Amino acid sequence: MLHSQMAYGRDMDVTLSAMQPTYPLLTDRHRHTVSVTSDSDAMSPDRQAIFPVTGRRLTHATSYSDIGTPVRALDSAKDAGSDGYGNVVWKERVESWKSRQGMQMTMREGGQLQASGEGGYDGSGLDCSDLPIMDESRQPLSRKVPFPSSKINPYRMIIVIRLVVICLFFRYRILNPVNEAYGLWLVSVICEIWFGISWILDQFPKWLPINRETYLDRLSLRFEKEGEPSQLAPVDIYVSTVDPMKEPPLVTANTVLSILAVDYPVDKVSCYISDDGASMLTFEVLSETSEFARKWVPFCKKFNIEPRAPEVYFALKIDYLKDKVQPTFVKERRAMKREYEEFKVRVNALVAKAQKMPDEGWTMQDGTPWPGNNTRDHPGMIQVFLGHSGGHDTEGNELPRLVYVSREKRPGFNHHKKAGAMNALVRVSAVLTNAPFFLNLDCDHYINNSKALREAMCFLMDPIVGKRVCYVQFPQRFDGIDRNDRYANHNTVFFDINLKGLDGVQGPVYVGTGCCFKRRAIYGYDPPPKDPKASSGRSQSVFPSWLCGPLKKGLQNARAGKGGKKRPPLRTESSIPILDVEDIEEGMDEEKASLMSSQNLEMRFGQSPIFVASTVLESGGVPLSTSPGSLLKEAIHVISCGYEDKTDWGKEIGWIYGSVTEDILTGFKMHCRGWRSIYCMPARAAFKGSAPINLSDRLQQVLRWALGSVEISLSRHCPLWYGYGGGKHGELKCLERLAYINTTIYPLTSLPLLAYCVLPAVCLLTGKFIIPTITNLDSLWFISLFISIFATGILEMRWSGVGIDEWWRNEQFWVIGGVSAHLFALFQGLLKVLAGIDTNFTVTSKQAEDEDFAELYMIKWTALLIPPTTLLVINMIGVVAGISDAINNGYQSWGPLFGKLFFAFWVIVHLYPFLKGLMGRQNRTPTIVIVWSILLASIFSLLWVRIDPFLAKVTGPDITECGINC
């Protein structure tokens, strides 16, 4: 079964060029040699499996050059009459400007004017708006767009006012206890104080929100000059998948097709697919995808199709003829749609055949067993489906590289789930292509904007801004969400408010997908210094700051004798105390320093000479002297399950281990070293994906995120105590630290939130209240607090553009998730850290239903549903009991009842989306009608029993007059 597709990428084995060394085709316990080189026998056939697409080159013919523009000096005396700058007036303007600044001006790389004693662009350098720039291509590739002061200043003012009101409110609450309900009062005050602290941690990192604009035309003018090869930096793209039954192969195929059709030079793009489930189905679907890409990619580029995922494009309900002027478009679109439908049928057939594995396991075309039949015990596998010079489309144009990777897995090894798979991709790509930047995507996140890579390069390739940028994060956008977004799947408040605020501080947190990294940052290198004087007179090292250990005392004295004062750098665990390579080279001979550096690199990065050599190439590229065969064998070596032993992988290098939310931890480590990140929100969303719209799946997803935060908060990487002192050239800023603290400790809010949601029901059932009888003056504190809360929300929506419905859905799901998923995550995290009891998570299903939003109404029972259901029931019972008691006791009892009812209805209204999801689909009767019917029926039933109008009232003697003996 499934063996007929294995022909793709194998039918050219007999056409090996003499210029390209051949190598064996190795599988699990079987060797099928096409042409064996002399060094191939060193490979162990029971450990490795290579599926090469022969006849295709695995490396660039030339190494990547260091990208940048020449440094030019501004010569005011030069006759630039052709540009309008060569007259006397212009020279006088220049001299006048120099005298005002009081410092000498030089033209920096990229055409940026910079003061010799200051930093660079983007806040760290000089604003050169007074001088027009000579050439459009030398202008900045991006700029900050601050929010209008008319929107942001009132927002900041109301934040300060709200902080003052909260302090005064707490003073009133603490100084006015409720003696008859002291326990309830104490619990409520503790909860309210925690809510205030949580609000501060969430609010103040949003103090400096900014927008950004990119200039793609300037990027092209600078790096894609007419008649010259493109100088855009190469980019590796990582796509991770595990289970093709939960992550449909067709979804993965659409993601890959959108990558292969991206608007970027094809020789600069390489796509790596990580199959951590070693599924032959994924392998076969990628083979089909590589063939269909030969037709789909030229179609997209010819007609400028958006988006370039065929499933989404053909499903769009828009006028697809708009702006199309080619007379052949309609005909070719129909033909391409038919080709895609045939492609879908072939993929569906593969999926149908893969539902049940044969007893003997899957077999390949040559009859040998598929090496990944045992998903927990299999060798590493690499297949190059498309390669530069080996893969061409139907029009003869080159296609980007497409590589299948499945890392080795053996029993007894900790493979670290997704974080381990991503680190394996980092090493494989470094050996085969070694692009200086890479983008990571989930298998269900396709490229919605074909210029997304160019958007990221506007920041990463900027000669000034990009030097200290570790990654560019894009917002997550989703398809297939119900119109009302019942469970806040869009998460608009986080992506459109919180991350914009962090972009004005030190940059957004890493959210796991849609992020373009600088490879050097993921390797644990420190950023370059902000101040050029920090490195004046010293050669810049290409090695990370933690490489070589402390400097010997003799060398320190020798350096001091040269007249230079050495200030010991502040270090923490985020940047282990060591010495730069140039410090070593001053005190020992070159050969010894080189040997020591090489040994330390291997201790940090692992025992792979080719990979270690790639880590010091700032501009990327692979050595010209290496052959494709040796590169593939080295790539197999770096994905072996024992490669990371006794190295810094997962500790200081790559994706950091220790949490199921490895994304937050990885970004946090880079920010602690002094790097900054950028938040890019192009007008057309860069990427789009799918999200679970079912209540149970959504809560499971939130549970996983919250558990990862608990693990970080209980580890040595907790932002409360980790990272102080920073890296060599920077540290974590205060507001950024507040944001990370809030990101890691927010599950703790589940305890006070649960208590606060129970209090209204307890008050209604016992007749007590958490607030004493208040005067008109005291009521001002409550009124001021509520007004400040509403004003903050309104002004926040005003500057961010978030709608009130999105803001309200976020508030509702904050309560729903807080009393369910966050609560369970807190206890599971404590069990995992303190007792070592691990929790296994399953991949969230991304399978689409045939009926629109059919999954929305599906009920999947889980223990996460118990706490919110309980809260709903007891608050409804409390409302019924409170109203019944007020009716029975008369008019004077209605006043205290209103405060209790307000809090009870606050709980019920926030849990209303949960109640709708719990009740499932209601085709005829709206849910609200059913809820109020049950509520009113319960009230009247209790009143009927309480009043009993049809029974005769029995009157007895008056005990107060005649005593108990009457």
Side-chain angles (χ1 to χ4, degrees), residues 59-60 63-68 232-240 264 268-272 274 401 403 405 419 421-441 453 456-457 459-463 465-473 507 510 513-528 540-547 601 604-606 608 610-623 631 634-635 638-639 644 647-650 652-656 662-663 666-667 669-671 673-678 727:
T59 181
H60 297 289
S63 61
Y64 304 124
S65 59
D66 190 12
I67 298 172
L232 289 173
V235 181
D236 294 335
I237 303 177
Y238 304 155
V239 179
S240 57
Y264 207 76
K268 308 285 187 178
V269 178
S270 299
C271 178
Y272 292 84
S274 171
R401 186 191 308 266
V403 183
V405 179
M422 297 305 298
N423 284 336
L425 281 185
V426 171
R427 296 192 294 271
V428 167
S429 62
V431 171
L432 296 182
T433 51
N434 196 31
F437 308 108
F438 60 82
L439 167 73
N440 88 287
L441 296 173
L453 293 181
M457 291 304 110
F459 301 104
L460 293 171
M461 293 187 67
D462 190 287
V465 179
K467 289 182 178 181
R468 299 182 58 84
V469 174
C470 56
Y471 61 80
V472 176
Q473 178 67 62
Y510 168 42
T513 184
C515 188
C516 195
F517 284 91
K518 178 176 291 184
R519 188 179 289 270
R520 289 178 56 80
I522 209 75
Y523 284 162
Y525 290 92
D526 286 337
Q540 291 298 308
S541 172
V542 295
F543 298 100
S545 63
W546 35 255
L547 181 60
L601 282 173
R604 299 291 179 176
F605 293 102
S608 172
I610 294 180
F611 172 68
V612 169
S614 72
T615 61
V616 299
L617 299 176
E618 184 173 359
S619 299
V622 295
L631 290 179
E634 196 68 19
V638 298
I639 60 173
E644 295 181 354
T647 68
D648 277 351
W649 283 102
E652 300 291 335
I653 302 172
W655 271 253
I656 306 302
E662 68 287 331
D663 45 4
T666 301
K669 293 278 285 187
M670 286 187 277
H671 281 138
R673 293 190 184 100
W675 292 96
R676 77 149 296 141
S677 54
I678 296 291

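Just so it is clear, the model here is predicted, and its values are computed rather than measured.
In this structure, R604 CZ and I653 CD1 are separated by 7.0 Å, a value rounded to the nearest 0.5 Å. The distance from the NZ atom of K268 to the CG atom of L453 is 13.0 Å, given to the nearest 0.5 Å. Rounded to the nearest 0.5 Å, atoms CG (D526) and CZ (R520) are 10.0 Å apart. With values rounded to the nearest 0.5 angstrom, Y525 atom OH is found 13.0 Å from K518 atom NZ. The CG atom of L441 sits 12.0 Å away from the OH atom of Y238 when rounded to the nearest 0.5 Å. Atom CD1 of I522 is separated from atom CG of N423 by 7.5 Å, given to the nearest 0.5 angstrom.
R673 and E652 are joined by a salt bridge, as a carboxylate oxygen and a charged side-chain nitrogen come within less than 4.0 angstrom of each other. Contact check on D236 versus R401 returns no salt bridge, with no Lys/Arg side-chain nitrogen under 4.0 Å from an Asp/Glu carboxylate oxygen.
Contact record, G654 with W649: CA-CZ3, 3.9 Å, taken as the closest heavy-atom pair. Closest approach of G674 and R468 over heavy atoms only: O-NH2, 2.9 Å. Nearest heavy atom pair, residue P436 against residue P234, reads CD-O, 3.5 Å. Between V612 and T615, the shortest heavy-atom distance links the atoms O-OG1, 2.5 Å. Minimum interatomic distance between S270 and T433 (heavy atoms only, all atoms of both residues): OG-CG2, 3.4 Å.
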* May I have the step-by-step check of side-chain hydrogen bond (donor to acceptor under 3.5 Å, both in side chains) for R519 and S429, ending in yes or no? => CA-CA 11 Å; R519 188 179 289 270; S429 62; 3.1 Å; yes
* Worked verdict on N440 versus Y272 for side-chain hydrogen bond (donor to acceptor under 3.5 Å, both in side chains) -> CA-CA 10 Å; N440 88 287; Y272 292 84; over 6 Å; no
* Where do H671 and S677 land on the side chain to side chain contact (heavy atoms under 4.5 Å, CB included) test, with the steps shown first? -> CA-CA 8 Å; H671 281 138; S677 54; 3.0 Å; yes
* To do: May I have the step-by-step check of side chain to side chain contact (heavy atoms under 4.5 Å, CB included) for R676 and C470, ending in yes or no?
  => CA-CA 6 Å; R676 77 149 296 141; C470 56; over 6 Å; no
* I would like to know whether V428 and V638 meet side chain to side chain contact (heavy atoms under 4.5 Å, CB included); could you show each step before the answer? => CA-CA 7 Å; V428 167; V638 298; 4.2 Å; yes
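With N434 contributing its side chain and G621 its backbone, the two residues share a donor-acceptor pair below 3.5 Å. A donor-acceptor distance shorter than 3.5 angstrom exists from the side chain of Q473 to the backbone of T513, with no hydrogens or angles considered. Proximity of a side-chain donor or acceptor of T666 to a complementary backbone N or O of I656 within less than 3.5 Å is detected. Side-chain atoms of Y471 come within 3.5 Å of backbone atoms of Y510 as a donor-acceptor pair (strictly under, hydrogens ignored).
Screening W655, F437, Y523 for a ring-ring contact (aromatic ring centres under 6.0 Å, His included) with F517, the sole residue that qualifies is W655. Screening I237, L460, I678 against C516 for a side-chain contact (heavy atoms from CB on, under 4.5 Å) leaves a single residue, L460.
Figure legend: R427 and F611 shown without cation-pi pairing, the cationic atom not lying both under 6.0 angstrom from the six-membered ring centre and within 45 degrees of its axis.
With a 4.5 Å cut-off on side-chain heavy atoms, Y264 and V235 count as touching. When side chains are defined from C-beta on, P528 counts as touching K467, because their heavy atoms get closer than 4.5 Å.
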